[in-house]
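Okay, structure first, notes after.
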Amino acid sequence: QFLTPSVPENDGKILNKQRLHELVKEVDPTEQLDEDAEEMLMQITDDFIENVVAASCELARHRKSNTLEAKDIKLHLEKHWNITVPGYSSDEIRT
Amino acid sequence: GAQSRSCQDEAVVNSSVLQRRMSEIASRTPNIQNIHTEAVKLLACAAETRLKDLVEKLSTVVCHRMVNYRE
């Protein structure tokens with residue numbers, strides 16, 4: 001199950017602006033996100049993705065694989081970002 | 001068996017843009033030629049987790065600023 005090239009959706013931005021505003025409302029219903037803050041969150045997300053993918057590719061290479069897999073990303077997320085995503089336990093990833 | 005996923009159907013991260021971005025970054029690493037679809041889904045969920053964490057921190061900062069303003 002590998003990727004095929006696809007056309008970007010929406011405005012080509014990494015974040016769905018509407019969902020981002022909904023996310024802010026979920027955290028605090030009284031809060032609003034201005035344009036500068038929105039842009040900054042976009043930039044931070046982009047930097048995060050750059051960091052995770054680059055490091056995870058090195059882990060895939062270390063496995064002598066030519067495929068970036070979820071287990072590479074999971075390992076980097078746990079070791080460097082202390083992020084665990086439910087539904088991606090070690091047992092599921094290893095199989 | 002059935003797998004549970006924490007992310008909503010309509011994600012904050014645009015998966016097609018994320019996929020394209022991941023391919024760009026991965027192409028800089030020699031020998032990496034494919035990206036598994038599960039890797040894209042996992043990173044989308046992780047990015048959403050990171051964003052939620054940031055927004056929660058921002059909310060705390062905003063509250064602190066408003067307290068100072070009232071004083």
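Throughout, a chain's letter reflects where its sequence line sits, starting with A, and its residues are numbered from 1.
Residues A:Glu38 and A:Leu20 meet the side-chain proximity criterion, which asks for heavy atoms closer than 4.5 Å.
Contacts between B:Leu18 and chain A at a heavy-atom distance below 4.5 Å involve backbone atoms as well as side-chain atoms. Only the backbone of A:Ser65 has a heavy atom closer than 4.5 Å to any heavy atom of chain B. Looking at A:Ile49, both its backbone and its side chain come within 4.5 Å of chain B, counting heavy atoms on both sides. For A:Glu31, the part lying under 4.5 angstrom from a heavy atom of chain B is the side chain only. Contacts between B:Val13 and chain A at a heavy-atom distance below 4.5 Å involve backbone atoms as well as side-chain atoms.
With hydrogens and angles disregarded, no donor-acceptor distance shorter than 3.5 Å links the side chain of B:Asn14 to the backbone of B:Val17.
In the displayed structure, A:Asn82 atom CG is contacted under 6.0 Å by at most 12 heavy atoms of other residues, nucleotides or ligands.
Interface check for chain A: of the options B:Glu24, B:Met22, B:Arg50, the most heavy-atom pairs under 4.5 Å are formed by B:Arg50. When each of A:Thr45, A:Ile73, A:Thr84 is checked for heavy-atom pairs under 4.5 Å with chain B, A:Ile73 comes out on top. Across B:Ala26, B:Ala47, B:Ser59, the residue that shares the most heavy-atom pairs under 4.5 angstrom with chain A is B:Ser59. Heavy-atom pairs under 4.5 Å with chain B peak, among A:Leu41, A:Asp28, A:Val24, at A:Leu41. Chosen from B:Asn31, B:Leu51, B:Asp53, B:Leu43, the residue pairing most often with chain A at heavy-atom distances under 4.5 Å is B:Leu51.
With respect to B:Glu56 and B:Lys52, no salt bridge is recorded, no charged nitrogen being found less than 4.0 Å from a carboxylate O.
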Trace of the side-chain hydrogen bond (donor to acceptor under 3.5 Å, both in side chains) decision for A:Asp72 with A:His62 = CA-CA 10 Å; A:Asp72 304 308; A:His62 186 69; over 6 Å; no

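No single ILVMFWY cluster, assembled from side-chain heavy atoms under 4.5 Å apart, contains both B:Val40 and A:Leu75.
Judged as a ring-ring contact (aromatic ring centres under 6.0 Å, His included), and not counting sequence neighbours, A:His21 has no contacts.
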